[in-house]
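What follows is a single structure, written as structure tokens, with notes after it.
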Amino acid sequence: MKSIYILLLLITVICMTACNKMDENGALDGNWQLTEWRTATGDSIIATNHTRKIYYTVKYDILKFQDMLDASNYHCLAYFRHQADTLVVERAFSQPFDDVIPLDSLANYGCPANGRYLIRRLTHEHLVLSSDLGVLTFRKF
């Protein structure tokens, strides 16, 4: 009986330490659907979820940019940093070819050329990012 408890304890420890890569971004992790993109001044709408199908997916240290209206299945991946109220996109790649691309290539997804967003709001259901390209409002999808 004692060996069964030791075996169960050993299995539990192995299971707990085997997956050392857990969600590390809190509420930011997940799939986000753009619901509204306004100019930086807020006086006009650039896009909505009815005119564009832009999605951001956040996992580990990767941010995926995708426009579901693009029939070619083209999307971009980028490394990012998230600290306090700042999100910084660093190095970007086009998919499916893994070509390194400049950050200004992500402008169609609302990403500024310097890659810096201010996080205005972040909950498990809503995300609002702002930059010189505008204010992006997302819902968790």
Which heavy atom in [X] sits nearest to a heavy atom in [Y], and how many Å separate them?
| X | Y | result |
| --- | --- | --- |
| N49 | L34 | CB-O, 3.1 Å |
| K140 | D29 | NZ-O, 2.6 Å |
| R38 | D43 | NH1-C, 4.3 Å |
| T51 | T48 | OG1-N, 3.0 Å |
| L106 | A92 | CD1-CB, 3.9 Å |
| A47 | R52 | CB-CG, 3.5 Å |

Checklist entry - Hey, mind stepping through L127 and R121 against side-chain contact (heavy atoms from CB on, under 4.5 Å) and telling me if it holds? => result CA-CA 5 Å; L127 171 65; R121 182 175 183 210; over 6 Å; no
Nearest 0.5 angstrom please: [X] [atom1] to [Y] [atom2], how far?
| X | Y | atom1 | atom2 | value |
| --- | --- | --- | --- | --- |
| R120 | L136 | CZ | CG | 10.0 Å |
| D67 | H75 | CG | NE2 | 12.5 Å |
| I62 | L77 | CD1 | CG | 6.5 Å |
| D61 | H82 | CG | NE2 | 13.5 Å |
| S130 | Y117 | OG | OH | 10.5 Å |
| I45 | E36 | CD1 | CD | 4.5 Å |

Side chains of Y55 and Q66, donor plus acceptor under 3.5 Å =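 No pair is found: no donor N or O on one side chain lies under 3.5 Å from an acceptor on the other.
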Cluster question for you: counting only ILVMFWY and a side-chain heavy-atom cut-off of under 4.5 Å, with indirect links fine, are [X] and [Y] together?
| X | Y | result |
| --- | --- | --- |
| V128 | Y56 | no |
| L122 | L118 | no |
| V135 | L63 | no |
| I119 | F138 | yes |

_Please list all pairs meeting side chain to side chain donor-acceptor pair (under 3.5 Å) that have one or both residues in residues 98-111, counting only residues at least two apart or in different chains._
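Sorted pair list: Q95-D98.
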Requested in this report: Using the test salt bridge (Lys or Arg N to Asp or Glu O under 4.0 Å), find all partners of R139 that sit at least two apart in sequence or belong to another chain.
Outcome: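 Partners of R139 under the salt bridge (Lys or Arg N to Asp or Glu O under 4.0 Å) test: none.
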query = Just wondering, do I54 and F65 contact through their side chains at under 4.5 Å, heavy atoms?
reply =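 No - every pair of side-chain heavy atoms lies 4.5 Å or more apart.
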Quick test of your reading: applying ring-ring contact (aromatic ring centres under 6.0 Å, His included), list the pairs with at least one residue in residues 25-44, sequence neighbours left out, ordered by first then second residue.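 Output for this query is empty, none listed.
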* To do: Please assess H50 against T35 for the test side-chain contact (heavy atoms from CB on, under 4.5 Å), listing each intermediate value before the final yes or no.
  => CA-CA 8 Å; H50 301 291; T35 56; over 6 Å; no
For this session: Report the C-alpha distance between V58 and F80 in whole Å, list the side-chain angles of each, state the deciding distance to 0.1 Å, and finish with yes or no for side-chain contact (heavy atoms from CB on, under 4.5 Å).
Result: CA-CA 9 Å; V58 178; F80 75 93; 3.5 Å; yes
Requested in this report: For the residue pair F93 and Y79, categorise the inter-ring angle as parallel (less than 30°), tilted (30 to 60°) or perpendicular (more than 60°).
Outcome: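 It falls in the perpendicular class, over 60°.
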Any donor-acceptor pair under 3.5 Å from S94 side chain to C76 backbone
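No.
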Under the side-chain contact (heavy atoms from CB on, under 4.5 Å) criterion, do N114 and L103 qualify, and how do the steps go? CA-CA 7 Å; N114 66 3; L103 293 182; over 6 Å; no
